[in-house]
Amino acid sequence: MEKKPFRAVRVSDRVYWVGAIDWAVRDFHGYVTGRGTSYNAYLILADKNILIDTVKAPFRDEMLARIASVIDPARIDSIISNHSEMDHSGCLPEMMRITKPQKVFASAMGVKALDAHFRIGPQIQAVRDGERVRVGNVNLAFCETRMLHWPDSMVTYLPDDRILISQDAFGMHLATSERFDDELPADLLREEAAKYYANILMPFASLIARLPEKLKANGVDPTIIAPDHGPIWRRGAETILTLYSAWAVRKASRKAVLAYDTMWGSTQLMARAIAEGLTAGGSSVKLLPLGSAHRSDVPTELLDAGALLVGSPTINGQVFPTVADVMCYLKGLKPTNLIGAAFGSYGWSGASVTQLTEMLRAMNVEIVSEGISVNYVPGPEDLARCVSLGSSVAGKLNALYS
Ligand code: FEO
């Protein structure tokens, strides 16, 4: 193999990071990754060498070079696949060809998913939830984390090292040359971890809420949490566990998010007037004009919000495409505890407000107003109604969250 300049990074006495950094990726199945990402794989060097997860297929050579900086890849004895999504399993068939491992471990659902992806067949051994396995002198504890992020997901705990290899959970999309949380600014870590949680894990909040208890019941008590994306939590393992517990209960606040798009500026005028009413009423307001904001900014801002107001012009009897896109995306992410309303301008048919109101209802948002439709350009009376809607929503948020 051509010698490449990539090195493994030591995580503990016998655990190494051997992943890849993707500085270029800006779209991760619909989520904008403005700072890129990393695909983390881990190598345990012991009397039996174990690789945990692999990387996205185009990054195979980078991972192999990092492994080769500490060991001949052919000396890997076992592979663990914590999660079958292609960003972690993309190189698994190739690694199996190279290493001819004695064992490949995955959850029962993981075995099925990997077979459906790669037709690997029965070479992979399913491990049970809570099962403990000793490979050489390495003790491994497996714990299923179904739906975090896929049905196959599991985590691997090294009790002797107190390292939790947590696959997608506790990760973030962030490409950096630093590998550990204590080498990066805390506000950057929080921002990207929150965005990741909101866009990837929010629908599974009830499972996240039960996760600490489940991990504890399985004897998982980590000092290091090593996810499959972004930095390794070496100093802040407790911090990220605490943040996840808080996000899981989605503690809302007096913050309102206004997500809207506009054709000729009228719906934008309405959004600004509503925002004035909200601000005057004591709410914190975040305007997200969808011509420039990305869909993934909306759930991120909703993580601590109490209200969602959505604005759209009517175009050919429908909601504007950027707004429809966001509503579809949000419905899948299932944000809870929201009040809301719709607004928008129209030319000859005001269908968008009715349609948006129905979409909000379908998301279990509590509708606090029938919404405001304005013909063409809002005049002073229309804008006064918008300010009044903002004040009314602020009043409700005050009553809920004071
Ligand atoms: Fe990072 Fe669900 O894959």
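Note that these values count all heavy atoms, side chains included, but never hydrogens, waters or copies made by symmetry. We count ligands from 1, going down the list as the structure has it; atoms in each ligand are counted the same way.
At a threshold of 2.8 Å, atom 1 (Fe) of ligand 1 has a backbone or side-chain N, O or S atom of Asp87 nearer than that distance. Backbone or side-chain N, O or S atoms of His149 do not reach atom 1 (Fe) of ligand 1 at under 2.8 Å. For atom 2 (Fe) of ligand 1, the N/O/S atoms of Asp168 include one lying under 2.8 Å. Residue side and main chain included, Glu85 places an N/O/S atom under 2.8 Å of atom 2 (Fe) of ligand 1. Because the distance cut-off is set at 2.8 Å, His88 fails to qualify as a neighbour of atom 2 (Fe) of ligand 1, as none of its N, O or S atoms comes that close.
Ring geometry, Trp247 versus Tyr197: the interplanar angle falls from 30° to 60°, so the pair is classed tilted. Aromatic ring pairs are classed by plane angle as parallel below 30°, tilted from 30° to 60° and perpendicular above 60°; the pair His149 and His29 is tilted.
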Do Phe170 and Val155 pass the side-chain contact (heavy atoms from CB on, under 4.5 Å) test, and can you show the C-alpha distance, the side-chain angles, and the key distance before you say yes or no?
CA-CA 11 Å; Phe170 312 119; Val155 296; over 6 Å; no
Full working for side-chain hydrogen bond (donor to acceptor under 3.5 Å, both in side chains) between Asn139 and Arg132:
CA-CA 7 Å; Asn139 290 310; Arg132 286 175 176 254; over 6 Å; no
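Between Glu192 and Lys195 there is no salt bridge, since no side-chain nitrogen of the basic residue lies less than 4.0 Å from a carboxylate oxygen of the acidic one.
Residue His83 approaches atom 2 (Fe) of ligand 1 most closely through its N/O/S atom NE2.
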